[in-house]
Amino acid sequence: MAYPRYAGAVIKGAIEFRALVRQLGIADEQTSLAQNPLLNPTVQGVAAISQAKPGTVSYIESAALAHTLATTQASVVILPQQPTVLNETATQLGLAWVVAAQPRLLFAQILGLFYQPWQPEAVIHPTAVIHPTVTLGTGVAVGAHTVIEAGCTIADHVCIHPNVVIYPDATIGDRTVLHANCVIHERSVVGQDCVIHSGAVIGAEGFGFVPTAAAWFKMQQSGSVVLEDGVEVGCNSAVDRPAVGETRIGKGTKIDNLVQVAHGCQIGQHCVLVGQVGLAGAVQLGDRVVIAGQSGVIEKVKVGARAIVTAKTLVCQDIAEAQTVSGIPAMPNKLWLRTTVLIRRLPELFRKPS
Amino acid sequence: MAYPRYAGAVIKGAIEFRALVRQLGIADEQTSLAQNPLLNPTVQGVAAISQAKPGTVSYIESAALAHTLATTQASVVILPQQPTVLNETATQLGLAWVVAAQPRLLFAQILGLFYQPWQPEAVIHPTAVIHPTVTLGTGVAVGAHTVIEAGCTIADHVCIHPNVVIYPDATIGDRTVLHANCVIHERSVVGQDCVIHSGAVIGAEGFGFVPTAAAWFKMQQSGSVVLEDGVEVGCNSAVDRPAVGETRIGKGTKIDNLVQVAHGCQIGQHCVLVGQVGLAGAVQLGDRVVIAGQSGVIEKVKVGARAIVTAKTLVCQDIAEAQTVSGIPAMPNKLWLRTTVLIRRLPELFRKPS
Amino acid sequence: MAYPRYAGAVIKGAIEFRALVRQLGIADEQTSLAQNPLLNPTVQGVAAISQAKPGTVSYIESAALAHTLATTQASVVILPQQPTVLNETATQLGLAWVVAAQPRLLFAQILGLFYQPWQPEAVIHPTAVIHPTVTLGTGVAVGAHTVIEAGCTIADHVCIHPNVVIYPDATIGDRTVLHANCVIHERSVVGQDCVIHSGAVIGAEGFGFVPTAAAWFKMQQSGSVVLEDGVEVGCNSAVDRPAVGETRIGKGTKIDNLVQVAHGCQIGQHCVLVGQVGLAGAVQLGDRVVIAGQSGVIEKVKVGARAIVTAKTLVCQDIAEAQTVSGIPAMPNKLWLRTTVLIRRLPELFRKPS
């Protein structure tokens, strides 16, 4: 049984260009059909422009890649709205085309029509170990050898892959997917339409130890983790729970692989944390913050909404809204770029060091 | 059945301030009881000062946070010993208080009275696969679908969560907790009172390859990993075994999430490795070394006892005892701080570059 | 039943020096036997030179460690070919010896004669859940609680440890080892003689999201991951599949723990990615590239064959063949070394800042 959200959405096989355009709700005027209604290739998938084969849809994002049109074997290309000369070029090359404000977005939408990830059937595998106090919604899939401890609530159409472990009293929202071998710890709340990827760990104990003369005294971690709706957490990432209160990941935030979110962080909505980012305890991110790969944020630092932290940066102080920062420690990106040029030139600038 | 170490320690419900103080062995003179014995609120948990509700215990660590006393809803506050004016302030605000040399430590102790992490009952789940040659102590919990291979020794009151895999001939000490989906490899020795968090991998093959003209020749890893008593290893961290000899983590050392400890490292006692730290092969750390997040240490480097490596540092040379180092490559922290100021000023300092 | 590739290779117990030399195919002239045929100790293992006990084989790689010969308790030492005075020293110390062009390589070869990692018997554990459409070769081991979904092909003598999950339509080549709790995602192709270490995740969804006004739109990841023959992937590392096309890891490439290889990367043959390295999307590495620990490569960057990226580097631009680069952002290693010296000297060079 297919899952409702995918029902009917995936094109099994091929579709004519005209039918595809109609399905997407795009006016003919935005396509080659307005110029050449007879150019109506059958397509059956998508591909990168340089690897495309006949029968696929591909895209370019700017005129800088116009030269790829001459050699691509794609049957349909998605073009940016400007310059319109690209339309003429494509037409002359015999390519069907459609223009889009965001060609990559339309490409992603078409890709989603042809492909959806595999999901198991909505059945409870007989080897799953589910505590009798667990509340299970309708249409839930529970994979082989998955373990769900006491008091958990699993909402409708949740898909739990094999070998997942859910500690007591966790809540998993509608349609959320838990991939193989991930672990959801006690009291965690995972919203609707979330995806927890393989090996990720949600809600484990924060790293809280107090120094004493004898040893590190363990601060128990009585708090919990809340992932709001639409959050994704990548493979082998960890989101820890705090000693008291919550660690919260805002709605729609996407977290890549091998990311560390420490105890008590408050992450806004629609943020992006790229691979191997690390947030120390009690970091606060506003909405739509983007933190690029391998960057870190020191404990209790606040990063304003829409700020961008470039790769391998260390944020040690609060960052204002909409700032782009770089460097160790972080500074405005433009300043950092100038310092990197000068650092390379230091041997020349100090050729005769005093 | 509760585990012995927690037996009776957790307050199930509420306790009066006076009784709490007595249970902690604190003299009345260190509390508001000496001034106002009638102020005896009932408390039932702990909270951060800004999030506290009536009936909770909170703390501040210094006079810099004195202003939070006026607005907190906590019923009891833990105060630093100095300045004593804080006691008067709290009394005037109607807050019960207790002073402590380390307020955060006392807070952790009180937190531990109210909360202990969930542990499963000390039973062997019928789906666990335990080789007949395994030695199991008393009071052991083995979760569903856990696999324990031949020749392992599991001591008393060990708690193994579901989906753990223990390779042959490993030893797990008394009261150690192995969280879900962690893996303990062959011949590993895990001491008493250790915690291995979800997804961590102990004792896998070190990354040993010898270059040849044809390919990388694999150096087999015949050594083993030893975790001494009281070690914690965070989620999805990895401690590798060496080709020959041991990788050893000293007593009481705490390792955060996503940390890499390569083959043959010798880590002292009571060290702290914060999230995403990486130690290359054969690194040696003295006792009580602290390495902050995302830092790395190059192979075979020795870091002296009580040294501190700040975040995102790369240690390329031996570090003396009690040094604080920063930077890529590492230098004394004070020097690094001065260089970071000057690097930001480089565009100004070289306004008219030659 | 032992696995074919190990059959007969491992010395169970002890062997005389002369017999060991013959088994390795080394001429007597390259050993102490040419000088002293009566020096024929029995050996039963290998050890590091400083930890060696009688009856072990050890090695030194250069004359700089000649002093260790005087104190080692090893019975046999592997020596470099130059200087030959080392042979005399060893003979005078009563040590049997053998010279080698690469002493560490010969040491690894001898280690492999005495030790091979534990492998389970080639049986299918009754708790494994294997879809009836799976094709299983001969001599396959499938550990307890492992799950293999529909359409997978598992070739001959594959060894799958417990709690592994293989999503549909994956292919695992001959003699490959999948360690405990790793996950192989749909359509992944894992070659022959690969090793996937515990907790690694192969072929999960790449991190592809397209910004829109409302939220991040998920780009489905319809591609797949291909690991060619002889690839190793370390503990808790992740190799993601792309939206379209392949992520490919070339033959013989070795990946350490906690490494991130993002969607669409093309990694050459015999590369090495050390612990906590991160490659962003669509990175291309030529053959025999070495990337040291905690380094990162920005998306779509190409690194030429035999290039070396030192630890904690951020590669932001294409790197030519055989270059060694360092720094954030990366620059030629020699230049970087000079800049690091000057950065340390900045406070002195700007003692009287303008």
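Below, each value reflects all heavy atoms present in this structure, side chains not excepted, and no hydrogens, waters or symmetry copies.
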Next item on the list: Assign the ring pair A:Phe350 / B:Phe350 to parallel, tilted or perpendicular, where the plane angle (0 to 90°) is split at 30° and 60°.
Entry: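 Answer is perpendicular, since the angle exceeds 60°.
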Taking every heavy-atom pair that is under 4.5 Å apart, which of [options] has the most such pairs with chain A?
{"options": "B:Ile255, B:Asn181, B:Thr340, B:Leu346", "result": "B:Asn181"}
{"options": "B:Gly275, B:Gly143, B:Gly230, B:Ala144", "result": "B:Ala144"}
{"options": "B:Ala180, B:Gly199, B:Gly234", "result": "B:Ala180"}
{"options": "B:Lys251, B:Gln109, B:Gln51", "result": "B:Gln109"}
{"options": "B:His145, B:His161, B:Glu232, B:His270", "result": "B:His145"}

Check: How far apart are the closest heavy atoms of B:Cys271 and A:Trp216, and which atoms are they?
Finding: O-NE1, 4.1 Å
Checklist line | Closest heavy-atom pair and its distance - A:Val244, B:Phe107 | finding: CG1-CZ, 4.2 Å
Taking side chain as everything from C-beta outward and backbone as N, CA, C, O, which of these in [X] sits under 4.5 Å from a heavy atom of chain A? Side chain, backbone, both or neither.
{"X": "B:His125", "result": "side chain"}
{"X": "B:Ala311", "result": "both"}
{"X": "B:Cys182", "result": "neither"}

Does the side chain of [Y] come within less than 4.5 Å of [X]'s, by heavy atoms?
{"X": "A:Met219", "Y": "B:Arg104", "value": "yes"}
{"X": "A:Glu149", "Y": "B:Pro120", "value": "no"}
{"X": "A:Gln221", "Y": "B:Pro117", "value": "no"}
{"X": "A:Tyr167", "Y": "B:Ser198", "value": "yes"}

Next item on the list: Quickly, which of A:Thr146, A:Val129, A:Val165, A:Val164 forms a side-chain contact (heavy atoms from CB on, under 4.5 Å) with B:Asn163? Name it, please.
Entry: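 Output: one option passes, namely A:Val165.
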Less than 4.5 Å to any heavy atom of chain B: does that hold for the side chain of [X], its backbone, both, or neither?
{"X": "A:Ala280", "answer": "neither"}
{"X": "A:Gln260", "answer": "both"}
{"X": "A:Phe217", "answer": "side chain"}
{"X": "A:Val277", "answer": "backbone"}
{"X": "A:Ala214", "answer": "backbone"}
{"X": "A:Val341", "answer": "neither"}

Margin query: Taking A:Pro211's backbone N and O only, do any of them form a donor-acceptor pair with B:Gln102's side chain (distance below 3.5 Å, no angle check)?
Written below: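 Yes, because the side chain of B:Gln102 sits within donor-acceptor range (under 3.5 Å) of the backbone of A:Pro211.
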Return the [atom1] to [atom2] distance between [X] and [Y], rounded to the nearest 0.5 Å.
{"X": "B:Trp118", "Y": "A:His185", "atom1": "CH2", "atom2": "NE2", "value": "10.0 Å"}
{"X": "A:Glu205", "Y": "B:His197", "atom1": "CD", "atom2": "NE2", "value": "5.0 Å"}
{"X": "B:Leu258", "Y": "A:Ser237", "atom1": "CG", "atom2": "OG", "value": "7.0 Å"}
{"X": "A:His263", "Y": "B:Asp256", "atom1": "NE2", "atom2": "CG", "value": "7.5 Å"}

Note to self: Sort by residue number and list every residue of residues 289-296 of chain B having at least one heavy atom under 4.5 Å from chain A.
What the structure shows: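 Under the 4.5 Å heavy-atom cut-off, B:Val290, B:Gln294 qualify.
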Checklist line | Residue selection (most heavy-atom pairs with chain B, distance under 4.5 Å) from A:Ile298, A:Val210, A:Asp240, A:Thr212 | finding: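 Max contact count across the listed options: A:Val210.
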Item checked: Sorted by number, residues from residues 326-335 of chain A in contact with chain B (heavy atoms, under 4.5 Å) ->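 A:Ile328, A:Pro329, A:Ala330, A:Met331, A:Pro332, A:Leu335, listed by number.
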